[in-house]
Number of protein chains: 2
Amino acid sequence: MKKQKILIVEDEENILETLQLNLDLEGYALETAVDGEEALSKFKSFQPDLVLLDVMLPKKSGYDVCREIRTYSNVPILFLSAKGTTQDRIFGLKLGANDYLPKPFDLEELLLRIQILLAPLQEQEKETSNFKIGDFEVDFKNFKTDSRSGEVGLTKKECELLKYIVSRPNEVISRNEILDHVWGEEKYPTSRTIDNFILNFRKYFEDNPKQPKYFQSIRGVGYKFTP
Amino acid sequence: MKKQKILIVEDEENILETLQLNLDLEGYALETAVDGEEALSKFKSFQPDLVLLDVMLPKKSGYDVCREIRTYSNVPILFLSAKGTTQDRIFGLKLGANDYLPKPFDLEELLLRIQILLAPLQEQEKETSNFKIGDFEVDFKNFKTDSRSGEVGLTKKECELLKYIVSRPNEVISRNEILDHVWGEEKYPTSRTIDNFILNFRKYFEDNPKQPKYFQSIRGVGYKFTP
DNA sequence: ATTCGCGTTTAAAACTTTTAACATCCCTAG
DNA sequence: CTAGGGATGTTAAAAGTTTTAAACGCGAAT
């Protein structure tokens, strides 16, 4: 998993240093800005995953920065501000910020809230990351996969069958189950058809197709995928 | 878009009523629970999109409820509590809550924070919801679409081309652009090939294929998709 | 030993994609 | 206003892929 990038926008030197120190310790990649204009330019070049944003800043207020970022990005924004009244918070949240922490803030709480804001991103990364069989990366969306003989294209049925099989790892799946799920209830090819596809998968992925590790056959029942 | 479901867990009657009234006004679907055990059973039956959770509850504390929910769900949880110290907040957030608002809370701020927590969900729904052309729903993932003659299967290329074209609505796209994007730089069929696919799309989707509304051809240039 | 099920190869069947050919429409030049 | 050329619509068939079936051999189970 990549380091998550945080842009810290804060003009008070002490606070900035504390934040830098602690967020670095947490393993985030950091960039800093000390005024509103720098914040926007750093935002564009750094493309952070989260912005910690002070409200009172030289040149351009945090509110303005937030408004502008929101015109082109949904990146999580967390306001840090000495202006801590309910009205201030509401104002900030209405601008599209995701959270608003009054100063002085508790460092532990800040770290937690940062984690919370970054969590959906991490999940997403997990979901969109491609599936791996051994060392081979399968790209279902684009119908291709790495294989022992380099990148090969996958056909529609190959994709569908492979998706179904790997969705049930370590489970023995009967041929009929496969036919039902991948081919649908109407169409019913010979169940031997499945064997042909398995044969292909073994050619793509198995070191030794004669002794399959990933695509094992269970005599009399069906197949089992072992990651 | 469906109504979003919120489970309110709160034993103080006044607060519960205020919340109910206002969240109803905002258009959320609501369920309520007045103690920890009811909260868990309602959670399972109601399957809410967000939980508003009081900390001090009869039978089972909000903390316990949160802990248990987190063992099987990532639903956003927002604590509401009279226990408002930093340590309380940190404790709640560490349990996996997404936000923590001390009582007395400002209603407007609560509504905003609820919106923020529900936002990712809404986005997701938008993404996974299928594309529509007229009244016909296109299911790119499963290679099929409704059409004037019922459900039809889409081929790989049909999907790719259709995806590309609808990704640029109201824009005139030249044949060469289409070839570059859908076929890739290497392979180059006659540009007339595209016409054949367009012909199919019109058969699928146009009321009157002779006078296309959705897939218009722009003489000398290419095609334009108008939703 | 015989039967049954799977692995494997090969080829036929089905389907998709591309090309070719002709029809039709639209613009423009005469 | 009309003829001709160029572009798109339409159909059908060719070429290319994918999917399915058939056939045979091998090894395990009964």
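The analysis underlying the following values was restricted to heavy atoms, covering all of them including side chains, and did not include hydrogens, waters or symmetry mates.
- Each of A:I218 and A:K156 was assigned the nucleotide of DNA chain C with the nearest heavy atom; the assignment lying further toward the 5' end belongs to A:I218.
- Taking atom CD1 on A:I194 and atom P on D:dT19, their separation rounds to 14 Å, with Å as the unit.
- Side-chain N/O atoms of A:R202 include one lying less than 4.0 angstrom from OP1 or OP2 on C:dG7.
- Candidate nucleotides D:dT11, C:dG7, D:dT20 were compared by shortest atom distance to the side chain of A:R192, and C:dG7 ranks first.
- One can find a donor-acceptor pair under 3.5 Å joining the base of D:dG6 and the side-chain atoms of B:R219.
- Considering only the side chain of A:F197, D:dT20 comes nearest among D:dG5, D:dT20, D:dT18.
- Note on B:K94 versus A:E108: salt bridge recorded, some NZ/NE/NH1/NH2 to OD/OE distance being below 4.0 Å.
- If you look at B:F136 and B:Y204, their ring centroids are not closer than 6.0 Å.
- For A:L199, taking side-chain heavy atoms from C-beta onward, the closest of the listed nucleotides C:dT19, D:dG9, C:dG7 is C:dG7.
- Considering only the side chain of A:S217, C:dC6 comes nearest among D:dT18, C:dC6, C:dT19.
- Residue contacts for A:Y223: at a heavy-atom cut-off of 4.0 Å it reaches the sugar-phosphate backbone alone, with no base atom in range.
- Taking the side chain of A:T193 as heavy atoms from C-beta on, and the options C:dT8, C:dT17, D:dA21, the nearest nucleotide is D:dA21.
- For the pair B:P212 and A:G153, both in contact range of DNA chain D, the more 5′-proximal nearest nucleotide belongs to B:P212.
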